[in-house]
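Data block below; observations after.
Values below: all heavy atoms of this structure, side chains included; hydrogens, waters and symmetry mates excluded.
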Amino acid sequence: MSKLKEKKDIKMTIFIIVVGVSLMVAGIYGVVSSRIESRDYKNSTDIQKIPAVIIDFSTSNSKDDSGDAKYTTYKFKVSYVIDGKTYKGKCEERVWWNSYEKKYTYDKLRKGDTIDVEVYKTSKGDYKLSPEGSPVDFLLYCAAIPVGLFFVVIMICDIAKDNRKKKNENEMISKE
């Protein structure tokens, strides 16, 4: 095997190991952070709906078979004030298309508009937007851990196989 090909193989192996480890770390972080956030929300002594101002947003449309928009998903950055302190957060809102009246269930949202958000008091006394994590998100976090582990194990096995192959080649050369 040429030195150039060997270098490329080493780089690819290192890259895949880094991807695998990153997947495991992201999965573990996601599981732990979502569990902590969920526990904080359940144990909160203060949960309330308050108005929040839209700072920024992005949209995506979901279309039906005929190509008409069924709903628009807005991902917001919002700002809200509680007890004189300003907080910022991210949330998501869906605006549904009313096919009978041929309009959205309410006007499209813009920067500066106010929407109602649910917030809760954390154990540290700050306020956060209520967690929006879905069971699918949690499942994806859980799935990232074994997938990352699989990549790492496969690459370690590949390295071990290459080392055994080189060792056997060196032994055969030294016997000659």
What residues, two or more places apart in sequence or in another chain, satisfy side chain to side chain contact (heavy atoms under 4.5 Å, CB included) together with Ile50?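 In terms of side chain to side chain contact (heavy atoms under 4.5 Å, CB included), with neighbours along the sequence ignored, Ile50 is linked to Gln48, Tyr80, Ile82, Val117, Val119.
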Roughly how far apart are [X] [atom1] and [Y] [atom2], rounded to 0.5 Å?
X: Phe76; Y: Leu129; atom1: CZ; atom2: CG; answer: 11.5 Å
X: Thr122; Y: Tyr127; atom1: OG1; atom2: OH; answer: 9.0 Å
X: Ile28; Y: Ser33; atom1: CD1; atom2: OG; answer: 11.5 Å
X: Leu23; Y: Ile145; atom1: CG; atom2: CD1; answer: 10.0 Å

Any ring pair (Phe, Tyr, Trp, His ring centres under 6.0 Å) involving residues 10-36? Give me the pairs, sequence neighbours left out, ordered by first then second residue. none
Flag side-chain contact, heavy atom, 4.5 Å: Ser79 against Thr86: yes
Under 4.5 Å between any side-chain heavy atoms of Met24 and Val21, yes or no?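 Yes, side chains in contact.
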Side-chain heavy atoms nearer than 4.5 Å, only ILVMFWY residues, links allowed to pass through others: does that put [X] and [Y] together?
X: Ile17; Y: Met12; value: yes
X: Val19; Y: Val153; value: yes
X: Ile14; Y: Val25; value: no
X: Ile55; Y: Ile115; value: no
X: Tyr141; Y: Phe150; value: no

Restricting to pairs with a member in residues 39-52, which pass salt bridge (charged side-chain N to carboxylate O under 4.0 Å, His left out), not counting sequence neighbours? none
Can you run down the salt bridge (charged side-chain N to carboxylate O under 4.0 Å, His left out) pairs that involve residues 81-90, sequence neighbours left out, and say none if there aren't any? Lys85-Asp126
Between the side chain of Thr13 and the main-chain N/O of Asp9, is any donor-acceptor distance below 3.5 Å?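 The answer is yes, because a donor-acceptor pair under 3.5 Å joins these two groups.
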Closest non-hydrogen atom pair, [X] against [Y]:
X: Ala52; Y: Val78; answer: CB-CB, 3.9 Å
X: Ala144; Y: Gly27; answer: CB-CA, 4.0 Å
X: Thr114; Y: Pro51; answer: CG2-CB, 3.4 Å

Partners passing side chain to side chain donor-acceptor pair (under 3.5 Å) against Ser130 (at least two apart in sequence or in another chain):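 Partners of Ser130 under the side chain to side chain donor-acceptor pair (under 3.5 Å) test: Glu118.
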For Arg35 and Val32, what are the C-alpha separation, side-chain angles and deciding distance, and is it a side-chain contact (heavy atoms from CB on, under 4.5 Å)? CA-CA 5 Å; Arg35 298 303 299 158; Val32 170; 5.9 Å; no
Listed partners of Tyr41 passing ring pair (Phe, Tyr, Trp, His ring centres under 6.0 Å), at least two apart: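 Ring pair (Phe, Tyr, Trp, His ring centres under 6.0 Å) list for Tyr41, sorted by chain: Tyr120.
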Are Ile16 and Asp158 close enough, and set up right, to give a side-chain contact (heavy atoms from CB on, under 4.5 Å), and what steps lead you there? CA-CA 11 Å; Ile16 293 173; Asp158 188 49; over 6 Å; no
